[in-house]
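Below is one structure, written out as structure tokens; comments come after it.
Because the structure is a prediction, the values reported are computed rather than measured.
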Amino acid sequence: QVQLVESGGGLVQPGGSLRLSCAASGTINRNWPMGWYRQAPGKQRELVAGITSVGRTNYAGSVQGRCTISRDNSKNTVYLQMNSLKPEDTAVYYCNLGINLGSGYWGVGTQVTVSS
């Protein structure tokens with residue numbers, strides 16, 4: 001009943017920027033947090049950033065200072081602005097919505113590749 005659709009991924013050079021978007025549709029519980037996870041080949045899926053319905057945020061240490069998560073509740077959309085991208089940021093980025101981050105609903109992912 002709930003669908004999450006990510007967009008904004010692509011290929012960028014090291015030091016570049018990308019802005020990811022995730023639009024949720026269906027019956028949305030706006031009290032639930034939303035977040036971004038990523039997974040590189042052969043690696044575990046990890047939390048990148050999360051945001052609550054009232055705007056509290058948390059970030060993985062690896063992206064602290066380089067990424068900003070934001071949320072537009074009226075549009076049921078969450079964003080991830082990524083700056084100063086590094087090759088190690090290369091991964092599939094997944095949008096997540098649930099009563100607890102890491103559970104609930106997931107998007108199909110959008111590829112981010114940072115390479116020269």
Side-chain angles (χ1 to χ4, degrees):
Q1 292 181 304
V2 175
Q3 293 186 349
L4 303 175
V5 180
E6 303 99 334
S7 62
L11 173 65
V12 297
Q13 293 186 329
S17 298
L18 283 175
R19 181 178 172 86
L20 306 182
S21 299
C22 172
S25 61
T27 303
I28 306 300
N29 189 332
R30 295 183 176 181
N31 293 318
W32 288 355
M34 298 184 73
W36 290 94
Y37 285 71
R38 68 185 182 187
Q39 186 169 26
K43 298 182 179 180
Q44 297 177 329
R45 184 174 297 191
E46 63 177 357
L47 175 68
V48 179
I51 185 169
T52 70
S53 62
V54 295
R56 287 187 60 196
T57 61
N58 66 291
Y59 299 91
S62 59
V63 303
Q64 188 76 40
R66 300 188 296 116
C67 295
T68 301
I69 188 170
S70 60
R71 179 172 183 166
D72 186 338
N73 287 329
S74 67
K75 298 180 179 179
N76 294 320
T77 300
V78 64
Y79 306 92
L80 183 67
Q81 178 68 44
M82 301 188 292
N83 302 317
S84 301
L85 285 164
K86 305 174 181 179
E88 50 263 46
D89 294 318
T90 296
V92 177
Y93 284 69
Y94 297 92
C95 182
N96 176 232
L97 167 68
I99 191 169
N100 299 116
L101 284 177
S103 63
Y105 302 96
W106 295 88
V108 299
T110 184
Q111 178 72 47
V112 172
T113 302
V114 185
S115 176
S116 298

Around Gln44, counting heavy atoms of other residues, nucleotides and ligands shown, do more than 12 lie under 6.0 Å from its CD?
no
What one should report as the nearest heavy-atom pair of Ile69 and Gly35 is CD1-CA, 4.2 Å
With distance as the sole test, does Ser103 use its side chain to make a donor-acceptor pair with the main-chain N or O of Gly98 at under 3.5 Å?
no
Nearest non-hydrogen partners of Ala91 and Ala40, listed with the distance
CB-N, 3.9 Å
The reported gap from CD in Gln64 to CG in Asn58 (rounded to nearest 0.5 angstrom) is 9.0 Å
Do Leu80 and Cys67 come within less than 4.5 Å of each other through their side chains, counting heavy atoms only?
yes
Side chain to side chain, Leu97 and Asn76, heavy atoms closer than 4.5 Å:
no
Tell me, please, which residues at least two apart from Asn73 pass side chain to side chain contact (heavy atoms under 4.5 Å, CB included).
Arg71
Ser25 side chain near Gln3 side chain, heavy-atom distance below 4.5 Å:
yes
Check whether any side-chain heavy atom of Lys86 sits under 4.5 Å from a side-chain heavy atom of Val114, and report yes or no.
no
Checking the side chain of Asn96 only, and the main-chain atoms of Tyr105 only, is there a donor and an acceptor separated by less than 3.5 Å?
yes
Can you name the salt bridge (Lys or Arg N to Asp or Glu O under 4.0 Å) partners of Arg66, sequence neighbours left out?
Asp89
Could you tell me whether the side chain of Val112 reaches within less than 4.5 Å of the side chain of Met82, counting heavy atoms only?
yes
Residues, nucleotides or ligands: over 12 heavy atoms within 6.0 Å of Gln111 CD:
yes
Looking only at non-hydrogen atoms, find the nearest pair between Glu6 and Tyr93 and report the distance.
OE2-O, 3.9 Å
ILVMFWY cluster, Val63 and Leu85 together (side-chain gap under 4.5 Å):
yes
Does Trp36 share a hydrophobic cluster with Ile99, counting links as ILVMFWY side-chain heavy atoms below 4.5 Å and allowing steps through other members?
yes
Does Val78 reach the side chain of Cys95, with side-chain heavy atoms less than 4.5 Å apart?
yes
For a quick test of reading the model, state the closest non-hydrogen atom pair linking Gln81 to Ser17 and the distance between them.
NE2-CB, 3.9 Å
Checking one residue: Trp106. Which other hydrophobic residues are in its cluster under the side-chain 4.5 Å linking rule?
Tyr37, Leu47, Val92, Tyr94, Leu101
Given 3.5 Å as the limit, does a donor-acceptor pair link the side chain of Asp72 with the main chain of Thr77, or not?
no
More than 12 heavy atoms of other groups within 6.0 Å of Gln1 CD
no
Could you tell me if the side chain of Arg38 sits less than 4.5 Å from the side chain of Ser62, heavy atoms only?
yes
Should Ile51 and Leu4 be regarded as members of a common hydrophobic cluster, given that ILVMFWY residues are connected when their side-chain heavy atoms come within less than 4.5 Å of each other, either directly or indirectly?
yes
